[in-house]
Amino acid sequence: MVEERMNTDKMWITMGPQHPFSHGLWTLRVHADGEIITDAEPEIGYLHRGWEKECENRTYAKIIPMADRLCYSASMTWSHVFCKVAEEALDIEVPERAQYLRVIADEICRIQSHLMWLAAVGTDLGNLTVFLWALREREFFLDLNIRLCGQRLTTNYPRIGGVRNDMPYYFERDCMRCVERFETVGLPEIMKLATDSSPFVGRMQGIKYLTAKDVANWGVTGPAMRGCGVDYDVRRDDPYDAYGEIDFEVPVLNKNNPKGGDAYDRFLVRLEEMYQSCEIIRQAFQKLQSIPKEAPSRVKVPRCIPAGTHMAKIEDPRGESIMYLVSDGTEKPWRLKVRSPIFVNVSSSKHMVDGVRIADVPAIMAMIDMCLGETDR
Amino acid sequence: MPYKMLDKYPKKFRGTGIITPMWASLRRTFLSTIHRSMTIMYPYEKEWVPDNYRGRPGLIFDRCLGCGICVRACPTTCIELVEVADDDGNMVKRPQVNVGRCMMCGYCAEYCPVNAMTTTTDYELAEFSRKDLIYDPRRLAFEGTNEMMEVHLEEHLLSNLAKGVTDQPTAFYKTDRPVLEEKKCISCMKCSKVCPVEAIEMVVVGKNDKGRDIKHPKIDGEKCVSCENCVIACPKSALKIEEVL
């Protein structure tokens, strides 16, 4: 909280649904005392499509392409979490080759999602070149998606019990070329514009420290949480698929800092995550070489899922995504509940923007990487 | 495994103000004056896409059985079977796709038992009216169809994997077959009429009280493609698909 209060008239300002800072359709109503925000109210629901209800009318296989459409830039992880909850219900072990292929596709998705976020941060904080260059780098990873799955964004790649197809010829060569270029040329070039630029960093540094305790209590997950000192990542702490066999570091900042982390820390964590994703892809390809190409990548699963309740969680680029499935033994789910990381993160925006200036709101809200498709669903 | 970047960029900002970003962007400016730009002059030259690209669905007319698996696999129900004349003039059932509703998921190509439905690399689908977006079976044919556009379903049976057999990929249309619950059958012969591959033969199994023949369907496992048309047509639910796992 900022100490000095101006003695001006207080007023409610509506930021959104059409506002340069709001990625997607949502409204942040802020109560401003002069320039200082004293209260805020997030409003969502503009993009509600009845996704969960629609799933109840579809067979399990038909939900996978729908899960892609939950979030346009994290489509692979959303269809992955749906396949995982169905596999959990059927008690099926996915073949090893499919596990590594899913890990590779997940990490490609994570990199391109973070690049989309970096582009958005660039425009939010007035650095248009970051926007253009990040989208330029992102195209290389979208091309990898076309080679592997056939589509740029809506991958429709995982299946219940494996993956859609094995990787095409020369995919490993293309993917490693792309990743190495990104690590050595692409990302350092963007970082020269972002982390080496004092006007850009100045917009984020020292803006709204959040303590680890607060962030954990609000239920914030993902890079926004790790930048504030909470050391938790589903990939490492509850490994799914082949993540248990891969050696990687989870970036955490301000682990023992009682003050917590500012917006810049949350910014740095995502950049480091992109480097770690490159490392995961490299290790996954090394492990894949020991598995013959003829090895199974998909198992046949029954159409009906036995009655019961099941839950699966994975690490989305934005946080921890959970799907909760209630099955009644037929070929359609009785209920499918989605726990979206952004729905929880945006609920805490009231506390996140408390006491900051209006000009700093984009810097704070950009760090949770809004995606309204999964929030309103 | 250490951090790759966080050690280099510690929490305190040690950049060079605006000199580094200006140098980086000027360097890129000079480089792009030397190297040609990557712009594709769209209407005149088109972007290359690999053959496994999932554009609109395509159909190889002569291979199609008219079984309707694609109709039931489609998540958006954009496919329906229509009657068209084949090359010999006989009326046959073939899929018609409403591309305006299609979400390009590729399920129709994946589940097709004879690889008649394919994905294509056609992505320019704009039309002047919605009616034009409905592709009839003849229009679905795509000129440059090749083997890469056929999506092959290669599933492994869990029972095989448990035995250590990993080189026998199969698919539901090769293993799942309808089975008859004989008590319920009323010899109506609807199943044999709807079967697209003529895999069902009615066999006389006995005589009823009035002296008429009791006929039960006998399913030829070699011909059957597990399309479930007989299961849906059966008025007494006597047939059901038996899944092999």
Side-chain angles (χ1 to χ4, degrees), chain A residues 58 61-66 68-69 92 95 127 129 133 136 146-147 149-151 154 156 161-162 164-166 168 183 187 189 191-202 205 247-249 251 253-254 264-265 268-269 271-272 275-276 278-279 294-303, chain B residues 1-6 8-25 27-28 38 49-55 72-76 103-107 110-111 119 148 151-158 160-161 166-167 169-172 175-176 241 243-245:
Chain A
R58 279 168 163 74
K62 288 181 187 177
I63 297 175
I64 300 170
M66 295 234 331
D68 278 341
R69 272 110 180 132
I92 281 176
N127 195 340
T129 321
W133 289 12
R136 183 193 66 196
I146 295 185
R147 294 272 283 120
C149 334
Q151 282 278 5
T154 48
N156 193 13
R164 175 176 179 260
N165 53 300
D166 204 336
E183 266 184 318
L187 192 50
E189 196 178 28
M191 278 166 60
K192 274 181 193 157
L193 291 182
T195 44
D196 282 348
S197 160
S198 55
F200 190 69
V201 174
Q205 237 174 3
D247 176 28
F248 65 103
E249 196 71 30
L253 280 173
N254 306 309
Y264 187 51
D265 294 327
L268 286 179
V269 163
L271 290 184
E272 175 65 34
Y275 278 108
Q276 295 295 337
C278 293
E279 185 59 38
E294 300 76 34
S297 59
R298 184 172 176 179
V299 294
K300 191 165 176 291
V301 294
R303 288 173 210 188
Chain B
M1 182 68 52
Y3 291 149
K4 290 189 168 179
M5 178 215 82
L6 284 180
K8 207 170 136 198
Y9 287 87
K11 192 172 155 24
K12 284 285 165 246
F13 174 66
R14 289 202 199 96
T16 50
I18 56 169
I19 296 169
T20 316
M22 277 178 76
W23 164 244
S25 47
R27 183 176 162 271
R28 179 52 60 187
M38 291 191 289
V49 288
D51 282 344
N52 64 346
Y53 184 77
R54 291 205 313 266
R72 283 185 284 279
C74 182
T76 50
M103 68 205 279
M104 319 283 170
C105 65
Y107 270 160
E110 192 176 320
Y111 288 145
T119 59
M148 280 292 288
V151 185
H152 298 279
L153 185 60
E154 289 186 353
E155 294 173 316
H156 289 258
L157 298 182
L158 278 169
N160 272 356
L161 290 184
T166 56
D167 56 349
T170 179
F172 75 95
T175 56
D176 298 356
I241 289 279
E243 286 182 275
V244 180
L245 295 171

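Throughout, a chain's letter reflects where its sequence line sits, starting with A, and its residues are numbered from 1. Fair warning: this is a prediction, and the values are worked out from it, not measured in the lab.
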For this session: Determine the option with the most heavy-atom pairs under 4.5 angstrom with chain B, choosing from A/Gly161, A/Ala61, A/Pro199, A/Ala295.
Result: A/Ala61
Problem set entry | Student check: side-chain heavy atoms of A/Arg303 and B/Ile241 closer than 4.5 Å | yes
Exercise. Checking A/Asn165 side chain against B/Val151 main chain: does a donor-acceptor pair fall under 3.5 Å?
Worked result: no
Problem set entry | B/Pro50 to A/Arg147 - nearest heavy-atom pair and separation | CG-CD, 4.3 Å
For this session: Can you see which heavy atom on B/Tyr107 is nearest to which on A/Pro65, and at what distance?
Result: OH-CD, 3.6 Å
Exercise. Atom OG of A/Ser198 and atom CD1 of B/Ile19: how far apart are they, to the nearest 0.5 Å?
Worked result: 9.5 Å
Exercise. What part of A/Ile92 is in contact with chain B, defined as an atom under 4.5 angstrom from a non-hydrogen atom: side chain, backbone, both or neither?
Worked result: side chain
For this session: Sort B/Met22 into side chain, backbone, both or neither according to what part of it lies under 4.5 angstrom from a heavy atom of chain A.
Result: neither
Exercise. Do you know which two heavy atoms are closest between B/Leu161 and A/Pro296, and how far apart they sit?
Worked result: CD2-CG, 3.7 Å
Problem set entry | Residue B/Asn52 versus chain A: region with a heavy atom under 4.5 Å | both
Exercise. Any side-chain heavy atom of B/Arg28 sitting closer than 4.5 Å to one from A/Trp133?
Worked result: yes
For this session: Specify the closest pair of heavy atoms between B/Glu243 and A/Pro302, including all atoms of both residues, with the distance to one decimal.
Result: OE2-CA, 3.5 Å
Problem set entry | side chain to side chain donor-acceptor pair (under 3.5 Å) involving A/Asp166 - partner list, sequence neighbours excluded | A/Arg97
Seminar exercise, completed: Heavy atoms of B/Ala73 and A/Lys62 approach each other most closely as O-CE, 3.6 Å
Exercise. A/Glu294 versus chain B, heavy atoms under 4.5 Å apart: side chain, backbone, both or neither?
Worked result: backbone
Problem set entry | Residue list, side chain to side chain contact (heavy atoms under 4.5 Å, CB included) with B/Cys74, at least two apart or on another chain | B/Thr76, B/Cys78, B/Ile79
For this session: Pick one of side chain, backbone, both or neither for A/Arg58, based on which atoms fall under 4.5 Å of a heavy atom in chain B.
Result: side chain
Exercise. So which part of B/Tyr53 gets closer than 4.5 Å to some heavy atom of chain A, the side chain, the backbone, both or neither?
Worked result: both
For this session: Counting only heavy atoms closer than 4.5 Å, note whether A/Arg69 contacts chain B via side chain, backbone, both or neither.
Result: side chain
For this session: Flag the pair A/Lys300 and B/Asp176 as a salt bridge only when some basic side-chain nitrogen lies within less than 4.0 angstrom of an acidic carboxylate oxygen.
Result: yes
Exercise. Can you list the steps and then say if B/Met103 with A/Asn156 is a side-chain contact (heavy atoms from CB on, under 4.5 Å)?
Worked result: CA-CA 11 Å; B/Met103 68 205 279; A/Asn156 193 13; over 6 Å; no
Exercise. What's the verdict on side-chain contact (heavy atoms from CB on, under 4.5 Å) for A/Arg298 and B/Glu154, showing C-alpha distance, side-chain angles and the deciding distance?
Worked result: CA-CA 7 Å; A/Arg298 184 172 176 179; B/Glu154 289 186 353; over 6 Å; no
